[in-house]
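It should be emphasised that the depicted structure is a prediction, and the values quoted were computed from it without experimental measurement. All values below were derived from every heavy atom in this structure, side-chain atoms included, with hydrogens, water molecules and symmetry-related copies excluded. Throughout, a chain's letter reflects where its sequence line sits, starting with A, and its residues are numbered from 1.
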There are 2 protein chains.
Amino acid sequence: MQLLHQNGIERTTLADIAHAAHVPPGNVYYYFKTKDDIIGAVIQAHTHDINATLAAIDAQHRTPKARLKALIHELAGQSQTVARHGCPLGSLCTELNKRTNPTAADLMRRLTTWAEQQFRDAGHRRDAHQLALELIAAYEGHALLANTLQDPDILTAAARRLGSRIDKL
Amino acid sequence: MQLLHQNGIERTTLADIAHAAHVPPGNVYYYFKTKDDIIGAVIQAHTHDINATLAAIDAQHRTPKARLKALIHELAGQSQTVARHGCPLGSLCTELNKRTNPTAADLMRRLTTWAEQQFRDAGHRRDAHQLALELIAAYEGHALLANTLQDPDILTAAARRLGSRIDKL
DNA sequence: GTCTATAAATCGATAGAC
DNA sequence: GTCTATCGATTTATAGAC
């Protein structure tokens, strides 16, 4: 996950992965048949992480607004690494979209559908879907700007505004 | 530009470029010393395109609000290809951010500073910078979602809402 | 300037000993 | 299961004839 985040899929070699795992290059193939399998495992790991994060938020916060703000706070907490290497999810999706094999649509949908449910629970039944897309899009867009312009403040400032927008809902 | 947009930097080979240019593979090196030089030329081509687009908008529209809406309309007009291959600028920046050599920060800044000027001209002197970043971030974020979820309507709908937000300023 | 041919390096993947 | 060694394909880049 870390290597794919920092260097991207195409610029991460199996030798890099083997080195990071402290095993000789050939051993990687004992656990993964192809590089695509490794990518699939990374996607699965991201899915696990997102599910764990959302479950923790659901457990620690009871109101939908508090949950949405907790997600924003969680995402903004990574602003330093996001400014350096981009959003782990966003840049992964961008690279996967240039490929044919595996997709990350489910991964992104997991975020949007969860957010949509929170907006619905907050009483915004009519435009919950739209609000959810806007929230995630705003985060991903600012993550791209923070990364491209090498400025983590872009992301933290955006998160602060998104938080107060939730309050005013 | 087209190949890098569709397949990404890393998945575009010099053979692909030579084939698209109807020249034998060796000939590419007569015009570009390295692949990085080709990437640099593509960045320059994007810069040229953006400058031309913004100049045309400045010439055809006189009020800052009309200019901002014209930019949004321009960007939304590409929603079909954006859903298929991502935002040409955004996905290029994402890939360049994983590299060391060339940067696309100036390319992105060209968009944001132009938008910032429009917001300033529209009387929003205090938060022009922030409004500009939010506008571009919203576009890039929705472009990523449209691409990942393979749905151009996400981008066109977002553009429509961004347009009416400009009206209400 | 344009072409063919190929070098040099890298990378994904496999074979086979232990 | 773990390791070394290496194959085969791909890719960037160069050499040299025309």
Side-chain angles (χ1 to χ4, degrees), chain A residues 1-48 84-86 88-105 107, chain B residues 1-48 84-86 88-105 107:
Chain A
M1 286 177 73
Q2 193 180 354
L3 285 172
L4 260 56
H5 179 209
Q6 291 179 359
N7 306 326
I9 294 175
E10 311 298 338
R11 293 181 71 85
T12 299
T13 69
L14 294 168
D16 292 336
I17 295 171
H19 180 77
H22 301 291
V23 296
N27 280 28
V28 178
Y29 289 93
Y30 182 76
Y31 302 96
F32 303 98
K33 286 183 184 174
T34 65
K35 187 177 180 179
D36 276 3
D37 282 356
I38 297 179
I39 298 171
V42 170
I43 295 174
Q44 213 172 348
H46 274 286
T47 304
H48 181 271
R84 225 171 289 191
H85 306 290
L89 178 58
S91 57
L92 182 70
C93 286
T94 298
E95 278 197 287
L96 288 174
N97 289 332
K98 307 287 188 192
R99 289 173 150 254
T100 51
N101 245 352
T103 178
L107 202 47
Chain B
M1 288 177 73
Q2 192 179 355
L3 284 174
L4 260 57
H5 179 209
Q6 291 179 358
N7 306 326
I9 294 174
E10 310 297 339
R11 294 179 71 85
T12 298
T13 68
L14 295 168
D16 292 337
I17 294 171
H19 180 76
H22 301 291
V23 295
N27 279 31
V28 177
Y29 288 92
Y30 182 75
Y31 302 95
F32 303 97
K33 285 183 184 176
T34 65
K35 188 178 179 179
D36 276 2
D37 282 357
I38 298 180
I39 297 170
V42 169
I43 294 173
Q44 212 172 348
H46 274 286
T47 304
H48 180 271
R84 226 171 288 193
H85 306 285
L89 178 58
S91 57
L92 182 71
C93 287
T94 298
E95 278 197 287
L96 288 174
N97 289 332
K98 306 289 187 192
R99 289 173 150 255
T100 50
N101 244 350
T103 177
L107 203 46

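Taking atom OH on A/Y30 and atom C1' on D/dA5, their separation rounds to 20 Å, with Å as the unit. C/dC11 atom C1' lies 14 Å from atom CD1 of A/I39, rounded to whole Å. Separating the CD1 atom of A/I38 from the P atom of C/dC11 is a distance of 14 Å, rounded to the nearest angstrom.
In the set C/dC3, D/dC3, D/dT2, D/dT2 carries the atom at the smallest distance from any side-chain atom of A/Y31.
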Summary of protein contacts for nucleotides 7-18 of chain D, nucleotide by nucleotide, where a base hit scores B, a sugar-phosphate-only hit scores S (4.0 Å, heavy atoms): ----SSBB----
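The list of ring pair (Phe, Tyr, Trp, His ring centres under 6.0 Å) pairs with a residue in residues 2-46 of chain A, not counting sequence neighbours, reads A/H5-A/H85. For residues 88-98 of chain B, no pair satisfies salt bridge (charged side-chain N to carboxylate O under 4.0 Å, His left out), with sequence neighbours left out. Residue pairs meeting the salt bridge (charged side-chain N to carboxylate O under 4.0 Å, His left out) criterion with at least one member in residues 20-36 of chain B, sequence neighbours excluded, are B/D36-B/R99.
Scored by the side chain to side chain contact (heavy atoms under 4.5 Å, CB included) test, B/P24 finds B/N27 as partners (sequence neighbours excluded). In this structure, the side chain to side chain contact (heavy atoms under 4.5 Å, CB included) partners of A/T103, at least two apart in sequence or on a different chain, are A/A105.
Here the side chains of B/I9 and B/V42 are not in contact, with every heavy-atom distance at 4.5 Å or above.
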